[in-house]
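One structure is given here, and the rest of the page talks about it.
Chain letters run A, B, ... following the sequence lines, proteins first, then strands; residues in each count from 1.
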There are 2 protein chains.
Amino acid sequence: MAVTLADVATRAGVSAATVSRVLSGNYPVAGATRTRVMRAVEELQYVVNGPASALAAATSDLVGVLVNDIADPFFGIIASAVQSEMGTGAPGTGQQKLAVVCNTGGSTESELTYLTHLQRQRAAAVVLTGSGVEDEKHGAALASRLRRLAAGGTRIVLCGRPPLAPPEQKPQHKDAEHKDVQHRHHGERQARSGRGKERRETLEDQAPGPRDDEHQASDTGDGIVTIAFDNRGGSRRLTEHLLSLGHRSIGYVTGPADRTTTRDRLEGHRLALRAGAPELLAQAEQFTVHGGAYDRSSGYDGALELLRRVPDLTAVLAANDTVALGICAALRDQGLRIPEDVSVAGFDDLPFSADACPTLTTVRIPLHDAGARAGRLALGRETPPPGGVATVRTELMARGSTAPPSGSRN
Amino acid sequence: MAVTLADVATRAGVSAATVSRVLSGNYPVAGATRTRVMRAVEELQYVVNGPASALAAATSDLVGVLVNDIADPFFGIIASAVQSEMGTGAPGTGQQKLAVVCNTGGSTESELTYLTHLQRQRAAAVVLTGSGVEDEKHGAALASRLRRLAAGGTRIVLCGRPPLAPPEQKPQHKDAEHKDVQHRHHGERQARSGRGKERRETLEDQAPGPRDDEHQASDTGDGIVTIAFDNRGGSRRLTEHLLSLGHRSIGYVTGPADRTTTRDRLEGHRLALRAGAPELLAQAEQFTVHGGAYDRSSGYDGALELLRRVPDLTAVLAANDTVALGICAALRDQGLRIPEDVSVAGFDDLPFSADACPTLTTVRIPLHDAGARAGRLALGRETPPPGGVATVRTELMARGSTAPPSGSRN
DNA sequence: CTGTTAGCGCCTTCAT
DNA sequence: ATGAAGGCGCTAACAG
């Protein structure tokens, strides 16, 4: 059917092996022969058969990038950055890796499906971006599949999610875990599986700077590299910002309940409360609305709910910038002014945040840099951080949507 | 190295052929045997070798989605929609196609590279989204590669760009073409290559509705399907909106000069001027700034340049919503109020536009619907439109950023 | 430098 | 319903 290597070889009067060598360019070939072959290739419009080539060479130039929501610029920016690192090496040499982005839609099944496909294709690397789902079963399935992939030579990079939990521990005291789920938002939940630490109790003593130490102990030696975001530290600083402005009635619209990012940001918030305004912790749950998604309507609905529960609200934190926009819209629709009546803050500092109305106070994550680094790591072009985990800093961007509470409304 | 079909066969005490049949599920196999095989697969954690399978079967379940800028929600939304149509068929049956999105960055080289790769992989389909580059050479190269792909059984869908020009025509009168490039923004440029029509001259007589007729003659019978956006019609209605508000000093910050979308939107603008305020056409070029990209900074810089050229500007049209945000920022930085001093309008109606400051008047393109349809077309699950081309309607979204000119400023 | 020779792992007739 | 065997198109040792 299609034209094959053999056809080109015949046309050029050489053997198939020679054609192959010319094409892959990793072997000396006489100049004259090379041009003859190239001409035959042109004339026949020959295109290598990928599967055949991959089968014989047992390698692939595919790099998979898994994202939760490709329509969300958060992921678009990361994916774009990852991809920008792939194009190294002269175009002809076949040195280029191909980054393909796979949209999981946040579904664990879909995540596994893509992983399977990537494994089928013997992908050179896969980058998993964004918050993971905190489901014990899925977590285990994911971790084991990732380890298998890594063992098979596929480089694995986690970007924007915490590192994998160590493999050997068996699910212990399931009951405690269940209780934990219910109480996790009281700021008293246990440390994450297998990495208990009491030091959080003394957090008040620490400077509010980035906290890189959360994951230091998790080098499981499986070669899986992680670029984590300092969601907790950023969220903490954001809440501190509000507290220092004088807010004492601070609502929070979270992301989906089962996501690592949701949890980390909420934890940061609670840590700041505990340190700066412990009296607010008691009613924290009342001030927290759990959004169903990282989208605008979650923010809109969440804000309305919050207003219902807490009429004298003076500030609202959002799961991310998109949610914040929804919150702003709801507040406006209720006749409230931002920031005069209510302050609002987002997270991520996506490009549109600086153009929102008013400009949005948020926490900047260097998404592009993180993605680029993940890309380099995926290609093995950068040495992994010690322990296999790096945490990128986040930065408070105080803008127009936050201000001191007016003290009087309506 | 990895576990193979043969390993599974041995473990299950059957032949490799049987395992293959069980896995692909397209052949009768005894129930007992099937379960035995499945168990072996589980125990061995067997994963099919994609390349080998593709080689032997000469098929692939890959669908490529090419986008110009994955960090831009415009593309994210389309890609997400395309992908949402892939998941049909029971998960186990292997009926699922895998959509992978490839970020070309708007580079023609990169576009071709990805296409080559997809061709190598014998992709089942490829969807090209967003505006194409209007380069004669690239256009030809792209068209021929696309036709070859289509001939090889890969379904091709164009989404958001005009259909391919017919193949047989040779590049005629290059001189005229060059002149054309210089003068194309005077509203008098020739019709696109090979499809001359004089009817545009009489456009004033037509209703300002969508114009589906532009591409009707381009069914080249190659099976390549197109979902075009009515950029021209939308842009025209947008300008009519401004004219009807009373604006007579209307600037335009375009997208990159060589993109089909840029051209179509600008044409729609000029058509509206000709029909509603022909006296403005003479100075049209002065009121037009050619932005370098579809991004915020293009808008920012473009607005400043426009203000320099036309101090009494009362309205600015943007290449798209992102550019519009940049324009708004620049205007604000110059101490101008929107829309009191200057009206601003975007294009696309991306999600953030409704939350911009002020809310952005724009033209809505049903990106999700278009993408979903492209996805169905790519799978052959929807019958192609007559002539192979469908044009999706666009809708004017008049919001807060446009208002009648105040008539006095400073 | 170039040709020859084996597979890579799977699918698919063809037998059984 | 299952097994045996050939080949998909290419690459990677080996010769020469």
Side-chain angles (χ1 to χ4, degrees), chain A residues 1-38 40-41 44-62 93-95 116-117 119-123 152-153, chain B residues 1-38 40-41 44-61 93-94 116-117 119-123 152-153:
Chain A
M1 191 194 96
V3 27
T4 77
L5 237 208
D7 298 331
V8 177
T10 310
R11 190 102 152 81
V14 296
S15 74
T18 302
V19 178
S20 171
R21 294 196 262 253
V22 169
L23 260 25
S24 51
N26 51 11
Y27 209 83
V29 175
T33 317
R34 139 168 283 114
T35 53
R36 207 140 38 87
V37 169
M38 290 312 277
V41 167
L44 265 31
Q45 309 238 70
Y46 172 70
V47 175
V48 181
N49 181 316
S53 162
L55 173 57
T59 64
S60 146
D61 53 357
L62 260 193
T93 66
Q95 275 300 17
T116 300
H117 188 83
Q119 189 174 359
R120 277 206 214 318
Q121 300 303 322
R122 307 298 190 247
Chain B
M1 194 193 91
V3 26
T4 79
L5 238 207
D7 297 331
V8 177
T10 310
R11 190 100 153 81
V14 298
S15 74
T18 301
V19 178
S20 171
R21 295 197 258 254
V22 169
L23 261 25
S24 51
N26 49 13
Y27 206 83
V29 175
T33 317
R34 139 168 283 110
T35 51
R36 206 142 36 87
V37 168
M38 290 312 275
V41 167
L44 264 33
Q45 310 238 69
Y46 172 70
V47 175
V48 181
N49 181 315
S53 161
L55 173 58
T59 65
S60 147
D61 52 356
T93 67
T116 300
H117 188 83
Q119 190 174 358
R120 278 205 212 319
Q121 300 304 322
R122 307 300 190 248

Using the side-chain heavy atoms of [X], tell me which of these nucleotides is nearest: [options].
X        : options                  : value
Thr33(B) : dG9(C), dT2(D), dT2(C)   : dT2(D)
Ala30(A) : dT2(C), dG9(D), dA1(D)   : dT2(C)
Ala56(A) : dG7(C), dG3(C), dC10(C)  : dG7(C)
Ser15(B) : dG9(C), dT11(D), dG3(D)  : dG3(D)
Ala57(B) : dC11(C), dT2(D), dG3(C)  : dC11(C)
Val48(B) : dC8(C), dC10(C), dT12(C) : dC10(C)
Thr4(B)  : dT11(D), dA1(D), dC10(C) : dC10(C)
Leu55(B) : dG9(C), dT11(D), dC10(C) : dG9(C)
Ala52(A) : dG9(D), dG3(D), dT2(D)   : dG9(D)

Spacing between Leu23(B) atom CG and dT12(C) atom P, to the nearest angstrom: 13 Å
End axis versus end axis in the helix from dC1(C)-dG16(D) to dT16(C)-dA1(D), the angle rounded to 10°, five pairs used at each terminus: 30°
Answer yes or no: does a side-chain N or O of Thr18(A) lie under 4.0 Å from OP1 or OP2 of dG3(C)? yes
With a 4.0 Å limit, can you tell me whether Ser20(B) has a side-chain N or O closer than that to the phosphate oxygens OP1/OP2 of dC10(C)? no
Looking only at N and O atoms, is any donor in the side chain of Arg21(B) or the base of dG3(D) less than 3.5 Å from an acceptor on the other one? yes
Could you tell me which non-hydrogen atom of Gln121(A) sits nearest to which non-hydrogen atom of Ser60(A), and how far apart they are? O-CB, 3.3 Å
Closest heavy-atom contact between Val37(B) and Ala12(B)? CA-CB, 4.0 Å
